[in-house]
Amino acid sequence: MNYDIGTIFIQKSILSAPIRITTEGIMISSYFRKDQLTANEKKDIVSKAYLYISNADVKQICKNRKFPSSVNVDSNLLSHYILQNSGLEKMLESLSMKEVVALYIMSSMGRIPDVRFFGSIYREEFDARTYYFTFNQNYKDLYKEVVEKLVCKGVLLPAFFVDFNAKSKLEQTYFYFPDEFVKYLPQILFSKKEEVTGIVSSKLLREELVRVLENSIGAKSGILKVGANAFSMSMLKKKLFEQKLKENDTSIKNISETTFLISIVTDLFDSLKSNIWFNSDEIDTIIKICLFGTKFKLRGADVCEVAYDCGILCKHPADNKLFQNTQQTYSAVAEPNEYISDVNGKMELDIYRVPFPELEVLSRSAIFFVKDGKTLIEPSLELITKNIKKLQDNEIYDNLCNKLSQFLHAHKTHKSLYGKRIIHRNLLVAKVTDLSVRLMLEKKFTDPSELVKLTDNYYAFPVNNRKKIDAMLTRAGYMIKEIIG
């Protein structure tokens, strides 16, 4: 029996009536395989694509994608042709908007769905069957539709993953939209292309930024973070967006699927070119797919208005139904003296004026301090080393180094030490002067992952091994006098 869909009736002898459990509000994201595909798994799916479709389907793929007739004779050849762009754009352009959006969601998720996901495309309403139906009975017709409309057009590949808990082959069948196809997808949002400055609302985002700064830094110095994660404007916007969207529409307040929707639409907004304006109604299709099977009242206009309030989108100055992302707003690199001032040799950051792209670069290259209500920053050699790949050839970082001596000095120090010094994280260094203790340590911890001898008097060990060393020395009657971190 399959208990993940339909309506379940549970009857106990002490009850006068059955308990009815419905699947209303089932999560679309649960239809996706938990793990992302590895490079080898993607290669394996392509090489075995012909195994899970009939010869008639192979012929249809060859016809639609304009493959040579030799593939019809030997379907093994399908894997050699399927990733080519022959006939691909024409097939993608023939898809409905719902189908295109579904493929975009699959590529954005980076994971592959099973057949149930496509019910949000080819079914008007969530089909709540009873548990007496098997998975195959519920979804065999939907599977045929997916094969006919997407697989036979050569834009989607079936994939098979063994699951010992599954009752049928269909339950173990997934669908892969190849990475090579993503760039050929028709544009989802496109109303007009126009070079015009949009209206920006960043008040809420600034307030959230100040709150995050106070929470992550407080009265001590430290690295700017969002919760336990490294700071990024994308993450900050998503958290604020989710909070305000739930406040805007209480019907989605307790639906965890909202997170799925927010991830999809924010990634889509970020991917748009700065001169593209889209109509808020164009978001409706994405909402219908992401919140399929739920009692949502959300519309594209609601999503865009909240995104505008959170500083994610700009609003058109003449047409309030047109939106674009904020790339154009921050297209020019701001001068450091516009948001950083010198106070007694310290760099004071104006948190209300610093452009968001500049702030993200600062979070990757500087330590933050909050003192007497003022935000101070100081370049960090450790952060610069850790994030050098993201900082290299970054116009904002180059401008900071060119205009601020502190950043220039830190950058030059990094360059002079590059390849000569190793920076370790989560590592402690202990100075041990007693010979008997040194012998004890070396006898107890022979694994280099637990303890490494540096010189006669110094040992390095991971932070998580500190308790073992403390316990051993305490039992032997010793006391740690000094640890150099």
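This one's a predicted model, so the numbers in the text were calculated from it and none came from an experiment.
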Salt bridge flag under 4.0 Å for residues Lys238 and Glu242: no
Exceeds 12 heavy-atom contacts within 6.0 angstrom, atom CD of Glu395: no
Steps toward side-chain contact (heavy atoms from CB on, under 4.5 Å) verdict (Ile188, Thr285): CA-CA 10 Å; Ile188 299 174; Thr285 302; over 6 Å; no
Flag side-chain contact, heavy atom, 4.5 Å: Phe135 against Val115: yes
Pairs where residues 307-317 contributes a residue and the test salt bridge (Lys or Arg N to Asp or Glu O under 4.0 Å) is met, not counting sequence neighbours: Glu305-Lys315
Within 6.0 angstrom of Lys98 NZ, more than 12 heavy atoms from elsewhere: yes
Minimum-distance pair of heavy atoms, taken over all atoms of Leu349 and Leu359: CD2-CD1, 4.2 Å
Spatial distance of atom CZ (Phe181) from atom OG (Ser107) [nearest 0.5 Å]: 12.5 Å
Show which side-chain atoms of residues 223-234 pair as donor or acceptor with protein atoms under 3.5 Å away, not counting sequence neighbours.
from   : atom 1 : to     : atom 2 : distance (Å)
Ser232 : OG     : Met235 : N      : 3.1

Salt bridge present between Glu382 and Lys386 (N-O < 4.0 angstrom): no
Over 12 non-hydrogen atoms of neighbours within 6.0 angstrom of CZ in Phe160: yes
Contact check, side chains of Tyr52 and Leu157, non-hydrogen atoms, under 4.5 Å: no
Exercise: identify the closest heavy-atom pair between Leu245 and Val303: CD1-CA, 4.2 Å
Ser94 and Lys153 side chains, donor-acceptor separation under 3.5 Å: yes
CG on Asn320 to OG on Ser280, rounded to 0.5 Å: 8.0 Å
Worked check of side-chain contact (heavy atoms from CB on, under 4.5 Å) between Glu171 and Asp163: CA-CA 8 Å; Glu171 287 180 81; Asp163 180 357; over 6 Å; no
Spatial distance of atom CZ (Phe269) from atom SG (Cys314) [nearest 0.5 Å]: 12.0 Å
All salt bridge (charged side-chain N to carboxylate O under 4.0 Å, His left out) counterparts of Lys390, not counting sequence neighbours: none
Value rounded to 0.5 Å, distance of CG in Leu103 from CG in Leu95: 6.0 Å
CG-CD distance between Leu189 and Glu282, expressed to the nearest 0.5 angstrom: 5.5 Å
Taking every non-hydrogen atom, the tightest pair across Gln172 and Val162: OE1-CA, 3.2 Å
Which atom of Gly300 lies closest to which atom of Ile287, heavy atoms considered: N-CD1, 3.5 Å
Step-by-step side-chain contact (heavy atoms from CB on, under 4.5 Å) determination, Ser271 to Tyr104: CA-CA 12 Å; Ser271 69; Tyr104 175 82; 4.0 Å; yes
Residue pair Tyr50, Val71: steps toward the side-chain contact (heavy atoms from CB on, under 4.5 Å) verdict: CA-CA 10 Å; Tyr50 64 91; Val71 181; over 6 Å; no
Flag, side chain of Arg111 to backbone of Asp35, donor-acceptor distance under 3.5 Å: no
Validation row: Phe161, Leu37 side chains within 4.5 angstrom (heavy atoms): yes
With Glu194 via side chain to side chain contact (heavy atoms under 4.5 Å, CB included) - residues at least two apart: Lys192, Val196, Trp277, His316
Residues Asp447 and Ser449: side-chain donor-acceptor under 3.5 angstrom: yes
Side chain to side chain, Arg206 and Val210, heavy atoms closer than 4.5 Å: no
Heavy-atom side-chain contact between Ile199 and Tyr308 under 4.5 Å: yes
Sequence-distant partners of Glu208, side chain to side chain contact (heavy atoms under 4.5 Å, CB included), two or more places apart: Arg211, Val212, Leu236, Leu240, Gln243
Met106 versus Pro113, closest heavy-atom pair with distance: CE-CD, 3.6 Å
Geometric class of the Tyr81/Phe67 ring pair [parallel <30°, tilted 30-60°, perpendicular >60°]: tilted
Arg299 side chain reached by Asp284 side chain, heavy atoms, under 4.5 Å: yes
Leu205 backbone acceptor or donor facing Ser202 side chain under 3.5 Å: no
With sequence neighbours excluded, residues passing ring-ring contact (aromatic ring centres under 6.0 Å, His included) with Phe175: Phe118
All ring-ring contact (aromatic ring centres under 6.0 Å, His included) counterparts of Tyr339, not counting sequence neighbours: none
Set of residues satisfying side chain to side chain contact (heavy atoms under 4.5 Å, CB included) with respect to Asp393, sequence neighbours excluded: none
Asn387 side chain vs Arg364 backbone, donor-acceptor pair below 3.5 Å: yes
Which atom of Pro158 lies closest to which atom of Val151, heavy atoms considered: CD-CG1, 4.1 Å
Met91 backbone acceptor or donor facing Arg65 side chain under 3.5 Å: no
Pairwise side-chain contact, Ile53 with Ile61, heavy-atom cut-off 4.5 Å (strictly under): yes
Pairing residues for Tyr176 by the ring-ring contact (aromatic ring centres under 6.0 Å, His included) criterion, not counting sequence neighbours: none
For Phe32, ring-ring contact (aromatic ring centres under 6.0 Å, His included) partners two or more places apart: Phe117
NZ/Lys42: more than 12 non-hydrogen atoms of other groups inside 6.0 Å: yes
Inter-residue atom distance Phe260.CZ - Ser30.OG, 0.5 Å rounding: 9.5 Å
Asp398: partners by salt bridge (charged side-chain N to carboxylate O under 4.0 Å, His left out), with sequence neighbours left out: none
Which residues share a side chain to side chain contact (heavy atoms under 4.5 Å, CB included) with Ile388, sequence neighbours left out: Ile384, Gln392, His414
Any side-chain heavy-atom pair of Thr134 and Ser168 under 4.5 Å: no
